[in-house]
2 protein chains.
Amino acid sequence: MGLIDTIARPRAKKAAEPAVQPVLPLDQILRGDCIERMKALPSNSIDMIFADPPYNLQLGGELYRPDGSHVDAVTDDWDKFDTFAAYDRFTRAWLKEARRILKDDGSLWVIGSYHNIFRVGAAVQDLGYWILNDIVWRKTNPMPNFRGTRFTNAHETLIWASKGEKAKYHFNYRAMKTLNDELQMRSDWEFPTCGGTERLKKNGTKVHPTQKPEALLYRILLACTEPGDVVLDPFFGTGTTGAVAKRLGRSWIGIDREGDYIEAAHERIEAALPLDESAIRTMMSPRTQPKVAFGVLVENAYLTPGTVLTDSKRRWRATIRADGSLLSDCGTIGSIHKLGSTLQNAPACNGWSFWHYESEKGLKPIDDLRQTYLLATTV
Amino acid sequence: MGLIDTIARPRAKKAAEPAVQPVLPLDQILRGDCIERMKALPSNSIDMIFADPPYNLQLGGELYRPDGSHVDAVTDDWDKFDTFAAYDRFTRAWLKEARRILKDDGSLWVIGSYHNIFRVGAAVQDLGYWILNDIVWRKTNPMPNFRGTRFTNAHETLIWASKGEKAKYHFNYRAMKTLNDELQMRSDWEFPTCGGTERLKKNGTKVHPTQKPEALLYRILLACTEPGDVVLDPFFGTGTTGAVAKRLGRSWIGIDREGDYIEAAHERIEAALPLDESAIRTMMSPRTQPKVAFGVLVENAYLTPGTVLTDSKRRWRATIRADGSLLSDCGTIGSIHKLGSTLQNAPACNGWSFWHYESEKGLKPIDDLRQTYLLATTV
DNA sequence: ATACCCGGTGAATCCTCAG
DNA sequence: GCTGAGGATTCACCGGGTA
């Protein structure tokens, strides 16, 4: 028996649904404006809605990497709105229609970044949805901040909401826990961005600027739907939602305005095959043990700025500074690794084993503190 | 390496500030409503604001419907719309005052969860702030979801914003990179929740329900302030912001309405020990180092007119002229930067890293000579 | 075959100061 | 306020070519 079969369970409300199902354009892509297209769909008919709306990025001029290459940004017309008010009107309009066609025990997923997610979230609440979780997609390979002006924008945010505060909703708790090595699935998920062979390309260039990874949709569909459920994506793009739905035995409906995207999505979904279970396990594998930066020990007061470290033979001394850099007695500054290699005139140095601190039991390598930190913070 | 460490750099706008500093109640806790208390503070006087506003609406009974009528939270039958509208009014009121008292190059930090952060974020944008990043605090030890009905709520969200789209702001990029083992600091941060000896307790029970970990504030203050800056926290609680500010040599102002919290905060901050001045220094950004013109290296005979420079792959050659300009083999003349960009047909070029000279140990970037010059001439 | 090197790229609100 | 010049700035991954 496959993993999917094992974890599936019938939706609780199945028996209470009307005997005559409304006619839905299942497994089809509807071309046109998503609000208009949703208006033509019957009320209370969709089990889950996944939406990846325009982010309204509001980018300035061109951006270049330090090596001089050009950054290919999202400059498409569909992402441009004149004002926040215009974006809000658009957002509330599609969210309102989405809520109407959603079954009473269905749920909504929306993904966004800080550019738009706060407006979307407020609209979700104002329209009567009830937020169940916000989920953070942590990217393993985000684009860096090339100018060194901000923190690396390394995540996107998803909102999961039921149709209302008292509404039932569907959550495969057991499946999520199984997929997370018997630990409750948390609200922070880690996936790479969509690239490699998964990324749709035509003539060597990407078909869609913001194609989402299939692993993200796998987890969402497994968490909130059952085989046979109907999933709607009003911003279908190149059809990640449809491809994953097909592989997992869910029905889907896509809406998009762009013919190029629709064509690519058709081809892609046509080629999609049911996924074997080992692939799912790979997609769902929990994150690996995180590295610990020396600065984290300073932030968490395992070591205090001003503390003096030495090597095991006390040949060199260095003082810890607030940002986790070290200042040697001769005035040189650097990270624990860099300063260790500089002082010894060695090509490299493992600062964790080189530098020691004075403990009650004598000189100890700072790596001991790292181990203590990991023990204290790892589940 | 090779970076010169001098005293902490002044904020860029220091010189442009009025000679007479407004009188601020530095290193004090103001008791009362944060909006009223902020109204008594002068405009453009605060370097950074950190706010941990209440997530729910138990704001001391100060709830009002959109029509202005009062809401009795205990007995009134207030619906969700009342709730959200009242929360929005409160949020916009304190954010507006906060923006007024913030310096033009100051920045705002707000922390929240999915219950309130979307409303806060939308208000931040509507009031003219410019969001710079949203930051995810990933908890290493979150409270599990006991009923198994949702994903473990394992994170909180912070918003970092400048005073406006065009406003300057202060970001210690280099210090953050150092703190993170020489990789750009990302938008997802991992800390344990506040517990153990750090958690303030009285008679065995926690003093404040949502005390934030000091490590979180440590990173924020290090990222966006300099020693001597003024940090305001309008929801001071048990004073985490004040305690960390004191440790890091920043001034602070706290506002809270609860006497119990204020008392606990006073004790706590009193006991906090400031770090040694040299320890709170951080790695300087090259941007703030004294500038060295290329011509100065020529004047001081670090390089001789007539010397030939090349790029690292020896694709291009150029001869140094007496005034510090370069003459390429094809006859083009320009500064080290200008000629580099012209030859590569690139929009920009950092001549310091692009051009190399022949040393005994092979090809070296001319930036090495600049570092040598800085070491030799700076105290 | 294998390892290494190099080029390409991803939802990005990405500079600062003098004149 | 605008313009132009100085000069500061990147991480993980993938694929293809080369040693």
Side-chain angles (χ1 to χ4, degrees), chain A residues 52-76 78-81 84 111-117 137 139-157 192-199 201 204-206 208-213 235 237, chain B residues 12-13 16 105 125 129-134 160-162 164-166 168-169 171 173-174 177 180-187 285-289 291-295 313 324 334-341 347-355 366-367 370:
Chain A
D52 181 12
Y55 287 9
N56 188 23
L57 284 186
Q58 303 179 257
L59 302 179
E62 299 297 318
L63 181 64
Y64 297 89
R65 297 184 179 80
D67 65 5
S69 64
H70 182 251
V71 175
D72 184 19
V74 179
T75 53
D76 307 68
W78 50 252
D79 196 51
K80 294 197 192 326
F81 294 83
F84 279 136
I111 184 168
S113 66
Y114 68 85
H115 310 84
N116 72 323
I117 199 65
W137 167 28
K139 303 180 184 182
T140 56
N141 53 347
M143 183 150 63
N145 181 294
F146 296 117
R147 305 301 293 266
T149 57
R150 305 181 179 187
F151 299 98
T152 306
N153 191 8
H155 74 276
E156 295 188 24
T157 302
T193 57
C194 182
T197 54
E198 186 186 327
R199 187 84 192 209
K201 290 185 181 167
T205 60
K206 58 191 176 193
H208 194 285
T210 72
Q211 186 181 338
K212 295 294 175 287
F235 306 95
Chain B
K13 293 208 61 178
D105 68 341
Q125 291 179 313
Y129 290 98
W130 194 248
I131 297 181
L132 300 166
N133 278 115
D134 61 334
W160 177 40
S162 68
E165 179 177 1
K166 308 291 185 190
K168 283 184 185 159
Y169 57 90
F171 181 51
Y173 174 78
R174 200 65 193 75
K177 188 168 178 175
N180 195 37
D181 272 359
E182 293 304 311
L183 288 178
Q184 280 192 347
M185 187 68 81
R186 296 167 41 116
S187 57
S285 163
R287 204 169 265 163
T288 60
Q289 291 178 12
K291 284 184 182 174
V292 177
F294 180 66
K313 294 177 184 174
S335 70
I336 55 172
H337 314 293
K338 182 70 180 167
L339 188 62
S341 66
C349 168
N350 182 346
W352 291 109
S353 53
F354 178 73
W355 293 108
I366 57 177
D367 191 48
R370 176 169 61 161

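To find a chain, count down the sequence lines: A is the first, B the second, and so on, and within it residues start at 1.
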A.B. asks: Separation of Gln58(A) atom CD from dA12(C) atom P, in whole Å?
C.D. replies: 15 Å

A.B. asks: Is His337(B) close enough to dG7(D) that one of its side-chain N or O atoms is under 4.0 Å from OP1 or OP2 there?
C.D. replies: yes

A.B. asks: Sort me out a list of protein N/O and nucleotides 9-11 of chain D N/O pairs below 3.5 Å, or just none if empty.
C.D. replies:
residue : atom : partner   : partner atom : Å
dT9(D)  : O2   : Phe146(A) : O            : 3.4
dT10(D) : OP1  : Tyr173(B) : OH           : 2.5
dT10(D) : OP1  : Lys177(B) : NZ           : 2.7
dC11(D) : OP1  : Gln184(B) : N            : 2.9
dC11(D) : O2   : Pro142(A) : O            : 3.4

A.B. asks: Answer with yes or no after comparing the ring centroid distance for Trp130(B) and Tyr169(B) against a 6.0 Å cut-off, counting only values under it.
C.D. replies: no

A.B. asks: Could you check whether Asn180(B) gets within reach of a base, just the sugar-phosphate, or nothing at all, counting any heavy atom under 4.0 Å?
C.D. replies: nothing

A.B. asks: Would you measure the distance from the C1' atom in dG10(C) across to the matching atom in dC14(C) and give it in whole Å?
C.D. replies: 15 Å

A.B. asks: Specify the separation, in whole Å, of atom CD1 of Ile131(B) and atom P of dA11(C).
C.D. replies: 20 Å

A.B. asks: With distance as the sole criterion, do the side chain of Lys291(B) and the base of dA8(D) form a donor-acceptor contact below 3.5 Å?
C.D. replies: no

A.B. asks: May I have the distance from Lys166(B) (atom NZ) to dT13(C) (atom C1'), rounded to whole angstrom?
C.D. replies: 10 Å

A.B. asks: Look at the side chain of Glu156(A) and decide which nucleotide, out of dT13(C), dA11(C), dG10(C), has an atom nearest to it.
C.D. replies: dA11(C)

A.B. asks: Whole angstrom is fine here: how far is it from CG in Asp181(B) over to P in dA12(D)?
C.D. replies: 12 Å

A.B. asks: Report the stems of DNA chain C as range-with-range entries sorted by first number; a stem here is at least three consecutive pairs, Watson-Crick or G-U wobble, both distances under 3.5 Å, and write none if there are none.
C.D. replies: C:2-10 with D:11-19, C:15-19 with D:2-6

A.B. asks: Over all strands shown, is Pro213(A) touching base, sugar-phosphate only, or nothing at heavy-atom distances under 4.0 angstrom?
C.D. replies: nothing

A.B. asks: Measure the distance from CZ on Arg199(A) to P on dG15(D) and round it to the nearest whole Å.
C.D. replies: 14 Å

A.B. asks: Cation-pi check for Trp137(A) against Lys139(A): NZ or CZ below 6.0 Å from the six-membered ring centre and within 45 degrees of the axis, yes or no?
C.D. replies: yes

A.B. asks: Figure out the CZ/P separation between Arg186(B) and dA12(C), and round it to whole Å.
C.D. replies: 14 Å

A.B. asks: May I ask you to check whether Thr193(A) and Asn141(A) show a side-chain donor-acceptor distance below 3.5 Å?
C.D. replies: yes

A.B. asks: Which part of the nucleic acid, if any, lies within contact of Gly61(A), taking any heavy atom under 4.0 Å across all strands shown: a base, the sugar-phosphate backbone alone, or nothing?
C.D. replies: base

A.B. asks: Base, sugar-phosphate or nothing for Asp79(A)? Non-hydrogen atoms, less than 4.0 Å.
C.D. replies: base

A.B. asks: Can the ring centres of Phe151(A) and Trp160(B) be said to be less than 6.0 Å apart?
C.D. replies: yes

A.B. asks: Check this for me: does any side-chain nitrogen of one of Lys212(A) and Glu198(A) sit under 4.0 Å from a carboxylate oxygen of the other?
C.D. replies: no

A.B. asks: Tell me: NE2 of His208(A) to P of dA11(C), nearest whole Å?
C.D. replies: 11 Å

A.B. asks: Judged by each residue's nearest nucleotide on DNA chain C, which is more toward the 5′ side, Gly60(A) or Thr193(A)?
C.D. replies: Thr193(A)

A.B. asks: How far does the P atom of dC17(C) sit from the matching atom of dA8(D), given to the nearest Å?
C.D. replies: 13 Å

A.B. asks: Round to a whole Å and report the spacing from CH2 of Trp352(B) to P of dA5(D).
C.D. replies: 18 Å

A.B. asks: Which nucleotide in the set dT13(C), dA11(C), dG7(D) lies at the smallest distance from any side-chain heavy atom of Asn153(A)?
C.D. replies: dT13(C)

A.B. asks: Reckon Lys80(A) has a side-chain N or O less than 4.0 Å from the OP1 or OP2 of dT13(C)?
C.D. replies: no

A.B. asks: Does Ser335(B) put a side-chain nitrogen or oxygen below 4.0 Å from OP1 or OP2 of dG6(D)?
C.D. replies: yes

A.B. asks: Taking any heavy-atom pair under 4.0 Å as a contact, classify Ser113(A): base, sugar-phosphate, or nothing.
C.D. replies: nothing

A.B. asks: Can dT13(C) be described as syn, meaning its chi torsion is within 90° of 0, or is it anti?
C.D. replies: syn

A.B. asks: What integer number of Å spans the C1' atoms of dT13(C) and dG6(D)?
C.D. replies: 25 Å

A.B. asks: Given 3.5 Å as the limit, does a donor-acceptor pair link the side chain of Arg199(A) with the main chain of His208(A), or not?
C.D. replies: yes

A.B. asks: Which pairs of donor and acceptor atoms, one on a side chain in residues 57-65 of chain A, lie under 3.5 Å apart (sequence neighbours left out)?
C.D. replies:
residue  : atom : partner  : partner atom : Å
Glu62(A) : OE1  : His70(A) : NE2          : 2.3
Arg65(A) : NH1  : Ser69(A) : OG           : 3.2
Arg65(A) : NH1  : His70(A) : O            : 3.1

A.B. asks: Rounded to the nearest 0.5 Å, how far apart are CD1 of Ile117(A) and CD1 of Ile111(A)?
C.D. replies: 8.0 Å

A.B. asks: Considering all heavy atoms of both residues, which atom of Phe171(B) and which atom of Gly148(A) are nearest to each other, and what is their separation?
C.D. replies: CD2-O, 4.2 Å

A.B. asks: So does Lys201(A) get a side-chain nitrogen or oxygen closer than 4.0 Å to the phosphate oxygens (OP1/OP2) of dC14(D)?
C.D. replies: no

A.B. asks: Can you establish whether the number of heavy atoms outside Lys338(B) located under 6.0 Å from its atom NZ is more than 12?
C.D. replies: no

A.B. asks: Under 3.5 Å, is there a donor-acceptor pair between the Glu156(A) and Ser113(A) side chains?
C.D. replies: no

A.B. asks: Can you tell me, in whole Å, how much space there is between the C1' of dG7(D) and that of dA11(C)?
C.D. replies: 29 Å

